[in-house]
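Worth knowing before you read on, the calculation uses all heavy atoms, side chains too, and leaves out hydrogens, waters and symmetry mates.
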Amino acid sequence: MDAGHGLLLAASLNSVALYDGENWQYLYGGGSSPKEEAMLLEMLTQEAEQELDELTELADKLKSAKGQG
């Protein structure tokens, strides 16, 4: 999984997909089970969103600490 430029790239053994914040686009494959692939992509999306929230919180703390220093 990788993120940058407003896109999320997720790869599994059977597929590679790109998420633009609204839609998933398969670049390769699609897997033998679309339901399983969709569940995996949803999980990866949720993890990425959680990591983004944590990074945003950390950035806010750093900005606050910088202002106090």
Partner set under side chain to side chain donor-acceptor pair (under 3.5 Å) for Gln25, not counting sequence neighbours: none
Thr45: partners by side chain to side chain donor-acceptor pair (under 3.5 Å), with sequence neighbours left out: none
For Glu47, all residues meeting side chain to side chain donor-acceptor pair (under 3.5 Å), sequence neighbours excluded: none
Donor-acceptor pair between Gln46 and Glu42 side chains, under 3.5 angstrom: yes
Heavy-atom side-chain proximity of Leu27 to Leu9 below 4.5 angstrom: yes
From Leu55 atom CG to Gln50 atom CD, the distance as rounded to the nearest 0.5 Å: 11.0 Å
Joint cluster assignment, Tyr19 & Leu52, ILVMFWY side-chain distance < 4.5 Å: no
Spacing of Leu58 atom CG and Glu51 atom CD [to the nearest 0.5 Å]: 13.0 Å
Minimum heavy-atom distance Leu8-Trp24, with the two atoms named: CD2-CH2, 3.8 Å
